[in-house]
Structure formats: C-alpha cells, structure tokens
Amino acid sequence: MNADPAARLAAQRTLSDGEFVGLLSTDRYDADLFAAADRTRRSVYGTDVYIRGLIEFTNYCKNNCLYCGIRRDNRNASRYRLSGEEILACCEAGWELGYRTFVLQGGEDPYFTDERICSLVSSIKERFPDCAVTLSIGEKSRASYQAYFDAGADRYLLRHETADPGLYGRLHPAEMHLDNRIRCLYDLKEIGFAVGAGMMVGPPGQTAAHLVEDLRFLEELQPQMIGIGPYLTHRDTPFAREQNGSLSLTLRLLAVLRLMFPRALIPATTALGTIHPEGRELGLKAGANVIMPNLSPADVRKKYELYENKLRVGGDNAADRSELERRVEAAGYRVVVDRGDPK
Ligand code: SAH
C-alpha cells in the first residue's frame with residue numbers, strides 16, 4: 001500500500017476519517033496533492049474550463065444567515081431586483097460572448113413567486129435553446145422545484161453549508177434547519193436536476209472534523225457540482241469581527257474533492273478570487289474546472305455583497321471575457337464555448 005495519502009486518495013477516492021483530518025488540519029502548500037488533483041482533472045476534462053454567466057437578480061432575502069451580507073436584518077444593504085427584461089438582456093450579452101449556461105442566483109425573495117421564476121426560466125430557454133439554466137434561489141418545496149424543472153431549468157445550486165447540525169445551528173438562525181436543506185438537495189436530485197452542494201471553508205467554529213463530515217455527506221449525495229470557497233467577513237453581520245477562511249486550506253480541499261469526485265463540476269469561486277488576486281487560477285491548478293463570471297448589470301454588482309471587497313473585474317463584459325481567457329490560458333487551461341454538462 002502506498003503511504004502517501006494523495007496517491008492513495010487518487011487510487012481509492014476515499015480515505016479514513018483520521019487520514020482526511022490529517023490532510024485538512026494543515027494549510028501547508030502541497031505540490032504533490034495539487035499535481036495529483038490536476039492529473040485526475042485532465043484525465044476527465046482535459047484542459048477545458050467551463051464558464052457560467054452569473055446573474056445576481058435580487059438581493060432581497062427573507063433569511064438571516066449569520067455570515068451573509070444580504071441577510072434580512074442588514075438595514076445597510078441597498079436592495080434591488082432585476083426585471084425580466086434586464087435578466088434577458090444579461091443573457092443576450094452573455095450569449096454573444098460564448099456563455100452557454102446562465103445561473104440565476106438570488107436571496108430568497110418572496111417577490112419571485114414560482115410563477116415568476118417559471119416564466120423567467122421558460123423565456124430564457126425559449127430564446128437560448130442551446131443554453132443550460134441553473135437556479136440558485138434557496139430552499140423551496142418539492143412542488144416548487146418540480147415546477148422549475150418542468151419550466152426547463154436544468155441545474156440547481158444549493159450549498160449544504162455544513163453537514164454538522166451543531167455548526168449549522170451556529171451559522172444560521174433558529175428557524176433554519178439542516179434537515180430541510182438536505183431534504184431539498186435529495187428532492188432536487190430525484191426530480192432530475194444536476195445538483196450542486198458545497199460549503200464555506202473557515203466560517204466561525206469550523207474544524208477539520210466538520211470538513212470530514214462534509215466530505216462524507218458529499219460521498220452520500222454524489223452531487224454533480226461542488227462549490228466551495230473561503231468564508232469572508234462582512235461588517236454588517238454578527239460575524240463582523242471574525243477571521244476570513246484560509247486560501248491554502250480551500251485549495252487543499254479543492255484538490256481533495258477533485259480526487260474524490262473525478263467527474264464533478266467544481267468552480268474556482270468568486271470568493272477564492274476575492275481572497276487572493278490569483279485565487280481562481282490557483283483553484284484551477286488545484287482541480288477546479290469551472291469559472292462563474294458575473295453578468296449582472298454593472299450598477300447592481302456592488303449591491304450583491306455577500307461579503308466585503310467582492311471581486312469585481314472591469315464591468316465591461318467583453319473586456320472581462322478576454323482578460324479571463326488570457327488568465328485561464330496562462331494557468332495552462334482553455335475556456336470553451338460549451339454548456340459544460342456533467343460527464
Ligand atoms: N439564497 C441562495 C444563494 C445564496 S448565496 C441559497 O440559499 O442558496 C450563495 C453562497 O454564497 C451561499 O450558499 C454561501 O455558501 C456563500 N456565502 C454567503 N455569505 C458568504 C460569506 N460571507 N463568505 C463566503 N461565502 C458566502
């Protein structure tokens with residue numbers, strides 16, 4: 001048996017709890033771990049990087065997650081909603097630039113009833129039949145998810161945030177429950193969505209053992225997409241004085257996830273690009289294969305402030321797109337024009 005955990009993880013796709021804790025208790029730079037993850041990524045996806053056009057269409061939210069800058073109780077947030085026409089205009093601009101997936105993300109905004117969401121989804125699918133639509137709008141009933149699916153939505157992102165009930169309780173208000181979030185994820189999967197789960201790295205109170213619980217949960221759920229990023233503070237939340245999560249631990253975790261889930265679609269997230277100027281490139285080199293640039297209108301980007309100093313590139317979609325292409329190529333990969341469905 002090979003004693004090196006990275007090599008064993010690459011071969012077996014899992015490790016014991018103790019070995020995982022060992023891998024995740026340090027944030028040492030581990031060239032072997034990243035190289036193993038990159039080999040696995042290349043064996044499935046080559047050098048392809050899929051891009052998703054992110055449209056942050058509302059920052060109204062009825063939830064009050066303790067870490068999040070657009071939580072209900074943040075009176076300093078300046079709230080906005082995009083109209084249907086504005087959302088379609090974002091897609092139009094994105095399509096011209098080669099985006100073939102649109103991600104509609106927002107707070108849990110009661111204004112966007114199922115009827116409104118379904119009508120948005122079906123008009124996007126009608127106008128851009130070669131594109132995938134991903135929703136990321138939080139916890140809903142099974143019937144709502146079914147309606148979105150029937151309207152044409154292809155994928156759904158709902159991070160589980162943490163698989164540990166105690167930590168979940170520390171990060172969320174009493175009216176939110178881990179059980180419901182997990183129920184949502186299984187409903188979405190059964191309905192037929194490609195599902196994305198994931199967690200923040202380094203929110204207050206998180207330990208390596210919690211991260212191992214997340215890995216076990218993901219092994220059970222087998223999501224097609226896994227989104228992780230460092231926790232980043234926001235001044236107008238109860239966690240204002242807490243520390244940001246760690247870049248290098250996030251990178252280690254990306255590599256571990258790639259080795260465990262060779263086919264998963266794993267983004268190098270905006271939070272990663274926020275904590276370090278080359279965070280997203282480092283994420284790609286550690287096993288990520290997706291980037292989700294912002295297509296929201298320039299004047300609302302600042303308002304979708306989940307955390308402070310959120311990465312904002314120029315704001316000119318076309319210039320941003322060529323800059324992205326250049327950066328991805330410099331890292332050794334290639335942006336492709338493709339829906340980027342799970343393999
Ligand atoms: N309302 C939707 C979308 C939430 S925003 C939903 O509930 O799924 C998308 C993700 O941003 C969240 O799932 C969370 O993991 C992440 N996020 C929120 N606040 C953050 C913070 N302060 N730092 C880093 N990531 C954060």
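Only this structure's heavy atoms are used, side chains among them; waters, hydrogens and symmetry mates stay out. We number each residue from 1, following the sequence as shown.
Side-chain atoms of Tyr50 and Val335, non-hydrogen and from C-beta on, never get closer than 4.5 Å to each other. You'll find the side chain of Leu33 reaches within 4.5 Å of the side chain of Arg252, heavy atoms only. Inter-residue side-chain proximity for Val103 and Arg155 is flagged as unmet; no heavy-atom pair is nearer than 4.5 Å.
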| Lys140 vs Asp187, salt bridge (charged side-chain N to carboxylate O under 4.0 Å, His left out): CA-CA, chis, key distance, verdict | CA-CA 10 Å; Lys140 308 277 176 179; Asp187 278 349; over 6 Å; no

| task | Check the pair Arg327, Glu281 against salt bridge (charged side-chain N to carboxylate O under 4.0 Å, His left out), reporting the backbone distance first and the verdict last. | result | CA-CA 7 Å; Arg327 281 173 167 247; Glu281 290 90 323; 2.7 Å; yes

| query | Between Arg339 and Asp130, does a salt bridge (charged side-chain N to carboxylate O under 4.0 Å, His left out) hold up when you go through it step by step? | reply | CA-CA 8 Å; Arg339 274 174 50 123; Asp130 54 347; over 6 Å; no

Validation: residues 165-172 side-chain donor-acceptor distances under 3.5 Å, sequence neighbours left out:
| unit_1 | atom_1 | unit_2 | atom_2 | d |
| --- | --- | --- | --- | --- |
| His172 | ND1 | Tyr168 | O | 2.9 |
| His172 | NE2 | Tyr67 | OH | 2.8 |

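Note: Ile87 CD1 to Ile124 CD1 = 6.5 Å, rounded to the nearest 0.5 Å.
For the ring pair (Phe, Tyr, Trp, His ring centres under 6.0 Å) test, residues two or more places apart in sequence or in another chain that qualify with Phe57 are Phe112. Partners of Phe20 under the ring pair (Phe, Tyr, Trp, His ring centres under 6.0 Å) rule, at least two apart in sequence or in another chain, do not exist in this structure. The salt bridge (Lys or Arg N to Asp or Glu O under 4.0 Å) check on Lys285 picks up nothing, with sequence neighbours excluded. Qualifying side-chain hydrogen bond (donor to acceptor under 3.5 Å, both in side chains) partners for Gln105, counting only residues two or more places apart in sequence or in other chains: Ser136, Tyr304. Residues satisfying the side-chain hydrogen bond (donor to acceptor under 3.5 Å, both in side chains) criterion with Arg13, sequence neighbours excluded, are absent altogether. For the ring pair (Phe, Tyr, Trp, His ring centres under 6.0 Å) test, no residue two or more places apart in sequence or in another chain qualifies with Phe261. Residues that satisfy the ring pair (Phe, Tyr, Trp, His ring centres under 6.0 Å) test with Phe239, not counting sequence neighbours, are absent from this structure. Applying the salt bridge (Lys or Arg N to Asp or Glu O under 4.0 Å) criterion to Arg42, with sequence neighbours excluded, gives Asp38. The salt bridge (Lys or Arg N to Asp or Glu O under 4.0 Å) check on Lys62 picks up Glu108, with sequence neighbours excluded. Partners of Asn76 according to the side-chain hydrogen bond (donor to acceptor under 3.5 Å, both in side chains) rule, which considers only residues two or more places apart in sequence or in another chain, are Asp236.
Applying the side chain to side chain donor-acceptor pair (under 3.5 Å) test to pairs two or more places apart or on separate chains, those with a residue in residues 199-212 are Thr207-His210.
With ring centers used as reference points, Phe193 lies under 6.0 Å from Phe149. Between Phe102 and Phe128, the distance separating the two ring centers is shorter than 6.0 angstrom.
Looking at Arg181 and Glu161, a side-chain N of the basic residue comes within less than 4.0 Å of a carboxylate O on the acidic one, giving a salt bridge.
Linking Ile, Leu, Val, Met, Phe, Trp and Tyr residues whenever their side-chain heavy atoms come within less than 4.5 Å leaves Leu157 and Ile117 in two separate clusters. Met199 and Met292 are not part of a single hydrophobic cluster, where members link through side-chain heavy atoms under 4.5 Å apart. There is no path of hydrophobic side-chain contacts, each under 4.5 Å, that joins Tyr45 to Val328.
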